[in-house]
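Every value quoted in this text rests on a predicted model; they were computed, and no experiment measured them. So that the names make sense, note that chain A is the first sequence line, chain B the second, and so on, each numbered from 1.
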Amino acid sequence: MDISRPRGTRDFLFAEMRNRKEVEGVLRRTFETYGYHEIKTPIFEELKLFTVKSGEEVVNQIYHFTDKGGRELALRPELTAPVARLYMNEMQKKPKPIKMYYFGSCFRYERPQAGRFRQFWQFGCELIGGRSPLAEAEVISLASESLHELGLDGFEVHIGHLGILRGILGREEIPSELQDRIMGVIDKGDVEELEALLGEVEVSGESRELLMKLIGTQGGPEVLDDVEEYLGGYSESLEALEEFRELVETLHYFGVDDYHVNLGIARGLDYYTGIVFEIYVPELGAQKQICGGGTYNLVETFGGERVESTGFAFGFDRLMNALGMDEENMRMVDVFVIPIQDSTVPEAIRITQELRAAGVSADLEVSGRKLRKALSHADNLGARFAVLTGEREIQDGKVTVKDMERNSQETLPRDEMVDKIKGRC
RNA sequence: GCCGGGGUGGGGUAGGCGGUUAUCCUUCGGGACUGUGGAUCCCGCGACUCGGGUUCAAAUCUCGGCCCCGGCCCCA
């Protein structure tokens, strides 16, 4: 019988786990300095939580099942919807705005490819019930600062505003559904398909030309002047532009000045309502997008009261990829204790336990190998010290401590040993 | 789903135009260096995805299944 790891999943060994925990720790600390606190939702939810949000077609990409009580459940394919559900169930009546963050794994039944896994992790946050350019700027600042804290170079923040684009479509009286479709194509960046669709939908030449111009507009905040020129009499879009300007100004106060205005960012999701942003690491090619976010309204879709949220999520695995951390030989244990003779095993056990109680990670030679082999193993473990318990030393109330890095050795009084070692670890 | 590549000792690989003892590195176990290692040497454990076919003979050719990886479609 051959049992192996399911397709699209990964095993993480010691060194990689250590790296992931480290990144996780930096993100937690940074989010918490912005006043966010962690929430956790179940790994499986009701299936309809996801179909209501994204449509029936996603069922084919969801790991779903009927439980023993006949309920249709699903392994969560993303975390935005569970967070909205949690808010609606538990926090709807609480004072606003509410800041929360989350970290967890998601599951999708899709064809794996480079960087595309069936189990993947997201680290994200939501600021619920306080939409304003100031709030939005702070969310973007948090995303940017997190990456700076991690020491990531070469990332680009791209910011768009759906209100500008929807203001044009609204003036053409394009129905909601068609607008959503158009947004999807814009997000895809397929210019030809967009032209074809706008023609099919019979958007006026003026608006069509304007849309094409806008989605190709990219650059620093100064391009907003160009955008204003393009917009002319589209009053709804101008209002959104004003909002965008306010965001830009506020970002400056947060110290965020390195970003791209990019109206081609549409996110392709119908529940987004205003600011949208994505973060890229260009050198990663097809997997360059490590973060997506913006302002949206989802709770109403699930039957709650209308409330807008601004948030984002890092693709944790993409982020790890971008950081490219080395998996150096890691120290499995600080101290390796070796009984030189069988008679010294009890003492070796006592020493090991004392070290552990003092917060020093320690392991004991349990295989009965000779000293030579045991020392070799200590090296394999990357142990900083080896402690040798021999009959001679024990008789004298001492213990031999070998520094594995310096290849030096000393004999210490038994009762001073723990403190000495602890002080050097 | 379509296209392409692949599946060889615990890990990584060579072999692949058929030849009958399957290569190399590494991991692991034992031994030699006489209570002390990171080197070296010796011995050992351990393998050709499953099924069928062709053949005196198949890891090597062929048919089918299963599995994995990459590209496309899709990507909440």
Side-chain angles (χ1 to χ4, degrees), chain A residues 1-11 13 45 47 49-62 74-84 106-118 120 122 124 180 183-185 187-190 193 266-272 276 278 285-289 292-294 296 298 301 311-313 315 317-318 329 336 338-344 365 367-383 385-394 399-411:
Chain A
M1 181 149 78
D2 182 25
I3 299 176
S4 49
R5 197 188 66 228
R7 184 184 179 198
T9 65
R10 284 154 300 163
D11 292 315
L13 299 188
E45 301 267 358
L47 175 60
L49 178 64
F50 305 107
T51 55
V52 165
K53 180 194 176 200
S54 304
E56 293 291 328
E57 326 82 61
V58 295
V59 167
N60 293 327
Q61 297 167 330
I62 296 181
L75 290 183
R76 64 192 184 197
E78 48 100 13
L79 273 152
T80 307
V83 171
C106 307
F107 307 84
R108 294 185 193 174
Y109 191 68
E110 295 175 338
R111 281 179 295 276
Q113 286 176 301
R116 282 259 322 264
F117 300 100
R118 287 181 167 169
F120 57 96
Q122 289 185 344
D180 296 341
M183 289 313 201
V185 175
D187 194 53
K188 227 163 113 183
D190 192 330
E193 193 182 339
R267 292 245 82 199
L269 305 164
D270 53 17
Y271 50 82
Y272 276 91
V276 289
E278 292 176 351
Q287 308 166 53
K288 69 180 182 186
Q289 188 185 333
Y296 63 92
L298 203 45
T301 303
F312 66 85
D317 311 279
R318 289 253 172 107
N329 292 330
F336 193 62
I338 304 168
I340 298 181
Q341 299 97 3
D342 286 344
S343 59
T344 63
E365 166 57 52
S367 304
R369 282 169 294 203
K370 289 181 177 178
L371 180 56
R372 182 182 286 278
K373 291 276 180 180
L375 280 168
S376 182
H377 185 61
D379 223 31
N380 288 338
L381 293 174
F385 299 102
V387 171
L388 316 181
T389 57
E391 286 170 342
R392 294 185 215 149
E393 289 87 348
I394 291 176
V399 110
T400 302
V401 176
K402 190 178 179 70
D403 187 318
M404 303 299 279
E405 285 180 6
R406 301 194 188 129
N407 198 25
S408 63
Q409 178 173 305
E410 59 188 324
T411 301

- Query: Partners of A:Asp379 by salt bridge (charged side-chain N to carboxylate O under 4.0 Å, His left out), sequence neighbours excluded?
  - Reply: none
Which atom pairs link the protein and nucleotides 2-5 of chain B when you take only N or O atoms and keep those under 3.5 Å?
none

- Query: Which residues satisfy the ring pair (Phe, Tyr, Trp, His ring centres under 6.0 Å) test with A:Phe385, sequence neighbours excluded?
  - Reply: none
What N/O pairs connect the protein and nucleotides 30-33 of chain B at under 3.5 Å? Give each pair on its own line.
{"unit_1": "B:A32", "atom_1": "OP2", "unit_2": "A:Lys370", "atom_2": "NZ", "d": "3.0"}

- Query: Which base, if any, makes a Watson-Crick or G-U wobble pair with B:U20, both distances under 3.5 Å?
  - Reply: none
- Query: How far, in whole Å, is B:G29 from B:A14 if one measures between their C1' atoms?
  - Reply: 26 Å
- Residues which pass salt bridge (charged side-chain N to carboxylate O under 4.0 Å, His left out) with A:Arg267, listed by chain and number, not counting sequence neighbours: A:Glu278
- Item | Whole-Å P distance, B:U60 and B:C17 | 10 Å
- Item | Nearest-angstrom distance, P atom, B:U54 to B:G12 | 35 Å
- Message: Is it the case that atom CZ in A:Arg406 sees more than 12 heavy atoms from other parts of the structure closer than 6.0 Å?
- Response: no
- Measure the distance from CD on A:Gln122 to P on B:A76 and round it to the nearest whole Å. 10 Å
- A:Asp11 atom CG is separated from B:G11 atom C1', nearest whole Å, by 14 Å
- Message: Just the rounded figure in Å: distance from C1' of B:G37 to CZ of A:Phe385.
- Response: 17 Å
- Message: Any salt bridge linking A:Arg118 with A:Glu110? Criterion: basic side-chain nitrogen under 4.0 Å from a carboxylate oxygen.
- Response: no
- Separation of A:Gln61 atom CD from B:C73 atom C1', in whole Å? 11 Å
- Message: In this structure, how many angstroms lie between the P atom of B:G1 and the CD atom of A:Glu110, rounded?
- Response: 15 Å
Identify all pairs in which a protein N or O lies below 3.5 Å from an N or O of nucleotides 64-69 of chain B, and state each distance.
{"unit_1": "B:C69", "atom_1": "OP2", "unit_2": "A:Arg7", "atom_2": "NE", "d": "3.0"}

- Indicate whether any N or O donor in one side chain lies under 3.5 Å from an N or O acceptor in the other, for A:Ser343 and A:Glu391. yes
- Per nearest nucleotide of RNA chain B, the residue lying toward the 5' end, A:Leu269 or A:Gln287, is A:Gln287
- Task: Can you sort out the partners of A:Ser54 under side chain to side chain contact (heavy atoms under 4.5 Å, CB included), two or more places apart, ordered by chain and number?
- Result: A:Val58
- Query: Between the base of B:C74 and the side chain of A:Arg108, is there any donor-acceptor pair under 3.5 Å?
  - Reply: no
- Query: What is the distance, rounded to the nearest whole Å, between atom CG of A:Asn380 and atom P of B:G38?
  - Reply: 11 Å
- Quantified in whole Å, what is the C1' atom distance between nucleotide B:C69 and nucleotide B:G31? 43 Å
- Query: Considering only the P atoms, how many Å lie between B:A32 and B:G37, rounded to the nearest integer?
  - Reply: 14 Å
- Within the structure shown, what part of the strands sits under 4.0 Å from A:Tyr109 by heavy-atom distance: base, sugar-phosphate, or nothing? nothing
- Pairwise P distance for B:G10 and B:C28, with rounding to whole Å: 15 Å
- Query: Could you state the CG-C1' distance from A:Asp190 to B:C75, rounded to the nearest angstrom?
  - Reply: 15 Å
- Taking the same atom, P, in B:G16 and in B:G11, what whole-Å distance lies between them? 23 Å
- Query: If you look at every strand shown and take non-hydrogen atoms under 4.0 Å, does A:Ile338 touch a base, only sugar-phosphate, or nothing?
  - Reply: nothing
- For A:Lys53, all residues meeting salt bridge (charged side-chain N to carboxylate O under 4.0 Å, His left out), sequence neighbours excluded: A:Glu78
- Residues that A:Glu393 engages under salt bridge (charged side-chain N to carboxylate O under 4.0 Å, His left out), provided they are two or more places apart: none
- For the student: nearest non-hydrogen atoms of A:Gly390 and A:Thr344, plus distance: C-CG2, 3.8 Å
- A:Phe117: ring pair (Phe, Tyr, Trp, His ring centres under 6.0 Å) partners, not counting sequence neighbours: none
- Query: In the strands shown, is B:C28 matched to any nucleotide by a Watson-Crick or G-U wobble pair with both distances under 3.5 Å, and which?
  - Reply: B:G44
- Watson-Crick or G-U wobble mate for B:C66, both contacts under 3.5 Å: B:G7
- Message: What is the distance, to the nearest angstrom, from the CD atom on A:Glu193 to the P atom on B:C74?
- Response: 8 Å
- Note on the structure: side chain to side chain contact (heavy atoms under 4.5 Å, CB included) filter on A:Glu57, not counting sequence neighbours, yields none
- Gap in Å between the two C1' atoms, one belonging to B:C48 and one to B:C61, rounded: 16 Å
- Item | All side chain to side chain contact (heavy atoms under 4.5 Å, CB included) counterparts of A:Leu75, not counting sequence neighbours | A:Ile43, A:Phe44, A:Tyr63, A:Phe107
- Message: Using a heavy-atom cut-off of 4.0 Å across all strands, would you classify A:Glu393 as base, sugar-phosphate, or nothing?
- Response: base
